[in-house]
Amino acid sequence: MQAPTERAPVCIVGAGYVGIVTAACLASLHRPVRVVESDETRRGLIERGRATVFEPGLSELVAEVTRDGRLRVAGGMADGVPGASVVVIAVGTPPTAEGDADLSQVRKAVAEAVEHADPGTVIAIKSTIPPGTTAALARQMTRRDVSIVMCPEFLREGNALHDFHHPARLVVGGDDPEACRRVASLFAELGGETIICDSTSAELIKYGSNAFLATKISFINEMARLCELTGANVDVVARGMGQDPRVGSAFLQAGLGWGGSCFPKDVRALEAVFGYHGHSFWLLKAAIESNAQQRRHFVARIREALGGNVEGKHIAVLGLAFKPGTDDMRQAPSVDIIRQLHDMGANVVATDPVAQDTARPLLTTTRFVPDPYEAVRDADVAVVVTEWPEFVNLDWARAVALMRGRVVVDGRNCLDGARLASLGVRYLSVGRRPVSPPD
Ligand code: UGA
């Protein structure tokens, strides 16, 4: 393999979430970056210095790095790939109807990259792909002077720029150690432990991390239900458990379970991989069921708070995105919760600081309002589904005064129950005792 020039360009294929964040952040580290994107709208956005996805801080960064020419949109693979030392594949791997990952975009991108690559180029896959995929792609490769490695990404939506600059670890897997080292060197100045391994292990590190974290959340949510039954407080239980470094305090926030574009997809894909090998990943099956159950349980709690019947009731839903800091509605708990409430005859009015437009096509019978005070006006109950700071810091005295009912159900344990009770509100949350107004 030829040695690349020190700051040779990096080509990023795909300007979705992973691609545009990686492209802008690498460019900010003074790497010339070219982005290849098939979608004309996305290309146009980057050309105008704008981000293709909503992510705090990203628009400013894309504007900066496109302005000074460090990031540019390539006309296509034939323009973007030649001359690049590393070609990062960051295209989607959406779930198929069977739950496994659809690899068609990855296969196409790799084939085209191989076709246009200079001798010595390394192709680094950042898309999440099932174990064995990189090795299979390497076997099928028609050229021996191009290497392929797996470099999973661990960015969280809403915190992606921070996560990029403060990685806990960097994983690069492949057969060619020199190719692995070259990809690792792109991110070396960011710190974090570097793990160079075989590509299948790298693929499984990614799936294993997401599946473990999802299971951890489901575990604390099951504990929350037990707390409700026994009168304990899940926040205290989680704090006490998390102090043990073997348990760790992260991802022990009880709530409405995991959603988004990653955990649900990756958990199912990992389960599907197990199935192909003739086995069942029982723990993951349970986590998936527990996660669905958590949403049903929350709806039951809302119904209970309204005296056992939600029909004709005005329910204000605060928060639609699967978590704060994003407009991503994929597998958002809000969708299941609102649909179940609709099915039981409730009138739902929903609000979200940024996700209303992405939510609209998924929730066609829901009324959306931009202002949370408008959402709670005349509401029988206000329900917090996403812990946006806008809702945590709402003027709750004003909100309560606008409501018809005096019940708030907090699916994220993010509000001050004692304060709400002092405003005359009955406050229900997850895994904690209800708080009633003083007599
Ligand atoms: C997740 C991983 O955290 C990233 O490391 C990974 O790179 C990414 O998937 C991916 O595979 O691309 P993300 O989907 O952005 O990131 O969201 P998280 O912050 O991990 O949250 C996932 C879900 O779990 C959210 O619905 C969140 O509300 C929920 N959650 C999280 C809890 O209910 N409790 C917690 O304690 C933590």
Side-chain angles (χ1 to χ4, degrees), residues 14 16-22 53-56 58 90-95 101 125-129 151-164 166-171 192 203-224 234-235 237-239 241-242 247-270 287-288 290-292 294-295 298 319-337 355 384-388 410-414 429-431:
Y17 196 80
V18 174
I20 189 67
V21 170
T22 308
V53 297
F54 174 82
E55 174 66 29
L58 185 63
V91 295
T93 52
I125 302 185
K126 273 210 165 281
S127 310
T128 300
I129 47 176
C151 178
E153 65 84 19
F154 302 104
L155 307 172
R156 286 167 302 166
E157 288 186 29
N159 291 285
L161 301 195
H162 173 272
D163 289 354
F164 181 93
H166 303 90
R169 75 296 211 192
L170 170 67
V171 177
E203 289 155 348
L204 269 179
I205 288 170
K206 167 68 187 193
Y207 274 111
S209 301
N210 276 2
F212 183 83
L213 292 171
T215 308
K216 194 173 178 188
I217 297 166
S218 287
F219 185 91
I220 201 64
N221 283 338
E222 294 280 340
M223 290 293 290
V234 74
D235 291 346
V237 172
R239 197 164 72 236
M241 287 169 59
V247 176
S249 56
F251 279 65
L252 280 183
Q253 176 63 53
L256 298 175
W258 34 277
S261 62
C262 305
F263 283 4
K265 168 174 84 77
D266 294 350
V267 165
R268 283 196 185 279
L270 192 55
I288 293 167
S290 169
N291 200 45
Q294 190 66 5
R295 299 171 188 193
F298 186 67
L320 293 161
F322 84 97
K323 67 173 189 177
T326 175
D327 65 351
D328 200 334
M329 284 296 297
R330 284 174 286 180
Q331 305 292 319
S334 63
V335 176
D336 278 351
I337 290 164
V384 176
V385 173
T386 315
E387 67 277 35
W388 283 100
D410 178 1
R412 299 291 183 176
N413 290 3
C414 61
S429 54
V430 178

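Just follow the structure's listing: the first ligand is 1, and inside any ligand the first atom is 1. Computed from a prediction, not measured in an experiment: that's the story for all the values here.
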Protein residue, atom and distance nearest to [atom], heavy-atom basis:
| atom | answer |
| --- | --- |
| atom 36 (O) of ligand 1 | Q253 N, 2.9 Å |
| atom 33 (O) of ligand 1 | I217 CG2, 3.5 Å |
| atom 5 (O) of ligand 1 | F154 O, 2.9 Å |
| atom 26 (O) of ligand 1 | G259 N, 3.0 Å |
| atom 18 (P) of ligand 1 | K323 NZ, 3.5 Å |
| atom 28 (O) of ligand 1 | R412 NH1, 3.3 Å |
| atom 9 (O) of ligand 1 | C262 CB, 3.2 Å |
| atom 6 (C) of ligand 1 | L155 O, 3.3 Å |

[X] side chain near [Y] side chain, heavy-atom distance below 4.5 Å:
| X | Y | value |
| --- | --- | --- |
| F164 | L155 | yes |
| F219 | M241 | yes |
| E157 | Y17 | yes |
| R412 | P333 | yes |
| V267 | T215 | no |

Side chain or backbone, does [X] bring an N or O within less than 3.5 Å of an N or O on ligand 1?
| X | result |
| --- | --- |
| L213 | no |
| E387 | no |
| T128 | no |
| R156 | no |
| S261 | no |

Atom CG in L256, atom CD1 in I217: separation rounded to 0.5 Å? 11.5 Å
Answer with yes or no whether Q331 contacts ligand 1, where contact means a heavy atom under 4.0 Å from a ligand atom. no
Going by heavy atoms, is G257 under 4.0 Å from ligand 1? yes
Treating T93 as the side-chain partner and S127 as the backbone partner, does any N or O pair qualify as donor plus acceptor under 3.5 Å? no
Do D410 side-chain atoms and S429 backbone N/O form a donor-acceptor pair below 3.5 Å? no
Close-contact set for ligand 1 against [X] heavy atoms, below 4.0 Å:
| X | value |
| --- | --- |
| E157 | 15 (O) |
| N210 | 2 (C), 6 (C), 9 (O), 10 (C), 11 (O) |
| E153 | 7 (O), 10 (C), 12 (O) |
| W258 | 23 (C), 24 (O), 26 (O) |

Could you check whether the rings of F263 and W258 sit parallel, tilted or perpendicular, using 30° and 60° as the cut-offs? perpendicular
Test I20 against E55 for side-chain contact (heavy atoms from CB on, under 4.5 Å), laying out the working first. CA-CA 10 Å; I20 189 67; E55 174 66 29; over 6 Å; no
Return the minimal non-hydrogen interatomic distance between G325 and P56, and the atom names on each side. O-CD, 3.4 Å
Between F322, F251, Y207, F263, flag the one that comes closest to atom 1 (C) of ligand 1 by a heavy atom. F263
Which one holds for K206 and ligand 1: side chain close, backbone close, both close, or neither close, with close meaning a heavy atom under 4.0 Å? side chain
With a cut-off of 6.0 Å (strictly less than), are more than 12 heavy atoms of other residues, nucleotides or ligands near CZ of F212? no
Presence of salt bridge, E387 and K323, under 4.0 angstrom: no
